[in-house]
Undergrad: 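First the structure, which I've put down as structure tokens, then a few questions once you've had a look.
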Amino acid sequence: ICLKMVESKDAFKNNTWLHLGFNSCEQMIYCLKRVNEPCKEHVDNNFTPLPDKYIKDFLPIRDKVIAYFMRGNQMIMTKDYPNKITSLLEDCEHLKDELSRLRKLLIDSMQHQTGSTRVYMVYLNMLQESQELVSAYRHLMRSVSNFEGYPTTALTKDDARDMAMA
């Protein structure tokens, strides 16, 4: 329906960006479900809570994800892609790197500590799915920007793969 408002010469290109954006939304929903289910099961079964260290490490990540979603929403509402898309994509990429670093640290500590394996697995799942959520969000923002006619310049290997498909 939304492609009816696009000039026919741009419809094919925009169709690709529209579908990439839709796929990104679907992936984000899937990530949120994959975070929610193990956490809910963990809480429902009264398992050991996450150690304070993990909570302290994860709260800034959560806050950044929320802030990036808000920035993206504001960018879409104001159509200020030229001034904001590159920094948003770069910030998301840095957050993915931070999540990767935390994941590696957790895996190392899992091999050397005697804590609850279930707690480690819940936290590991949170980190991995958060990383996938941020990746899908980057793809969504890039798709929206390109759909609106503002090609992005901050590309990763994943972005290059998507552009080859477009």
Side-chain angles (χ1 to χ4, degrees), residues 1-6 10-44 50 54 57-82 84-107 120-166:
I1 294 174
C2 68
L3 287 176
K4 289 182 179 181
M5 299 186 324
V6 176
D10 296 327
F12 183 74
K13 178 180 70 170
N14 284 345
N15 182 49
T16 301
W17 292 118
L18 178 70
H19 286 286
L20 286 173
F22 177 77
N23 289 342
S24 297
C25 289
E26 289 287 317
Q27 185 64 33
M28 290 167 57
I29 291 168
Y30 180 74
C31 289
L32 291 171
K33 286 179 182 177
R34 294 270 304 148
V35 166
N36 183 52
E37 289 167 3
C39 290
K40 183 179 182 315
E41 178 184 337
H42 189 79
V43 170
D44 287 348
L50 285 176
Y54 297 146
D57 288 345
F58 191 75
L59 287 178
I61 300 292
R62 180 205 61 186
D63 293 343
K64 286 180 183 179
V65 169
I66 292 169
Y68 295 166
F69 274 55
M70 299 296 285
R71 280 173 56 192
N73 183 51
Q74 184 64 29
M75 182 182 64
I76 291 169
M77 298 298 286
T78 61
K79 297 195 182 295
D80 193 12
Y81 303 101
K84 296 184 179 171
I85 188 67
T86 300
S87 67
L88 178 60
L89 295 178
E90 288 171 354
D91 289 346
C92 287
E93 190 65 25
H94 294 304
L95 182 56
K96 283 175 43 183
D97 293 342
E98 175 66 11
L99 284 160
S100 181
R101 186 187 67 76
L102 286 173
R103 184 179 48 79
K104 288 175 186 172
L105 287 173
L106 177 65
I107 290 170
Y120 287 134
M121 294 308 291
V122 167
Y123 186 55
L124 179 62
N125 179 66
M126 288 172 56
L127 294 174
Q128 289 172 326
E129 293 303 327
S130 295
Q131 189 173 14
E132 288 302 313
L133 178 69
V134 172
S135 181
Y137 182 67
R138 274 188 92 257
H139 288 146
L140 174 63
M141 290 295 97
R142 194 174 56 77
S143 297
V144 169
S145 179
N146 281 285
F147 182 85
E148 291 284 350
Y150 299 99
T152 57
T153 57
L155 300 177
T156 65
K157 289 179 271 182
D158 292 339
D159 295 333
R161 181 198 67 221
D162 290 347
M163 290 193 70
M165 292 173 36

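Model, not experiment: these values are computed from the prediction.
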Undergrad: Counting distance only, does the side-chain N/O of Ser145 pair as donor-acceptor with the main-chain N or O of Met141 below 3.5 Å?
TA: no
Undergrad: What are the two closest heavy atoms between Val134 and Cys92, and how far apart are they?
TA: CG1-O, 3.4 Å
Undergrad: Apply the test side chain to side chain contact (heavy atoms under 4.5 Å, CB included) to residues Phe147 and Thr16: give CA-CA distance (whole Å), side-chain angles for both, the deciding distance (0.1 Å), then the verdict.
TA: CA-CA 9 Å; Phe147 182 85; Thr16 301; over 6 Å; no
Undergrad: Do you know which two heavy atoms are closest between His139 and Ser24, and how far apart they sit?
TA: CB-OG, 3.3 Å
Undergrad: Is there a side-chain contact between Ile85 and Tyr150 in this structure, where contact means two heavy atoms from C-beta onward sitting under 4.5 Å apart?
TA: no
Undergrad: For Arg34 and Glu132: C-alpha separation, side-chain torsions, deciding distance, then whether side chain to side chain contact (heavy atoms under 4.5 Å, CB included) applies.
TA: CA-CA 10 Å; Arg34 294 270 304 148; Glu132 288 302 313; over 6 Å; no
Undergrad: Are Glu26 and Tyr30 packed together at the side-chain level, in the sense that at least one heavy-atom pair is separated by less than 4.5 angstrom?
TA: no
Undergrad: Measuring from atom OG1 of Thr152 to atom CG of Asn146, what distance do you get when rounded to the nearest 0.5 angstrom?
TA: 4.5 Å
Undergrad: How far apart are the closest heavy atoms of Gln131 and Lys96, and which atoms are they?
TA: NE2-O, 3.3 Å
Undergrad: Under 3.5 Å, which donor-acceptor pairs link side chains of residues 58-71 to any protein atom two or more places apart or in another chain?
TA:
{"unit_1": "Arg71", "atom_1": "NH1", "unit_2": "Asp91", "atom_2": "OD2", "d": "2.6"}
{"unit_1": "Arg71", "atom_1": "NH2", "unit_2": "Ser87", "atom_2": "OG", "d": "3.4"}
{"unit_1": "Arg71", "atom_1": "NH2", "unit_2": "Asp91", "atom_2": "OD2", "d": "3.1"}

Undergrad: Anything under 3.5 Å between a donor and an acceptor, one on a side chain of residues 97-104, the other on a protein residue two or more places apart or in another chain? List them.
TA:
{"unit_1": "Glu98", "atom_1": "OE1", "unit_2": "Arg101", "atom_2": "NE", "d": "3.2"}
{"unit_1": "Glu98", "atom_1": "OE2", "unit_2": "Arg101", "atom_2": "NH2", "d": "2.7"}

Undergrad: Please name the pair of heavy atoms, one in Val122 and one in Pro38, separated by the smallest distance, quoted to 0.1 Å.
TA: CG2-O, 4.3 Å
Undergrad: Checking Cys25 now: which residues fulfil side chain to side chain contact (heavy atoms under 4.5 Å, CB included) with it, not counting sequence neighbours?
TA: Leu140
Undergrad: Please report the interatomic distance CZ(Arg138) to CG(Leu133), rounded to the nearest 0.5 Å.
TA: 13.0 Å
Undergrad: Check Leu20, Leu18, Ile76 against Val144 for a side-chain contact (heavy atoms from CB on, under 4.5 Å) and give me the one that passes.
TA: Ile76
Undergrad: Any heavy-atom pair between the side chains of Leu88 and Tyr137 that's under 4.5 Å?
TA: yes
Undergrad: Once you round to the nearest 0.5 Å, how far does CE of Met75 lie from CG of Asp80?
TA: 8.5 Å
Undergrad: How about Leu50 and Met126: do any of their side-chain heavy atoms sit closer than 4.5 Å?
TA: yes
Undergrad: How long is the span from the OG atom in Ser135 to the CE atom in Met28, to the nearest 0.5 Å?
TA: 11.0 Å
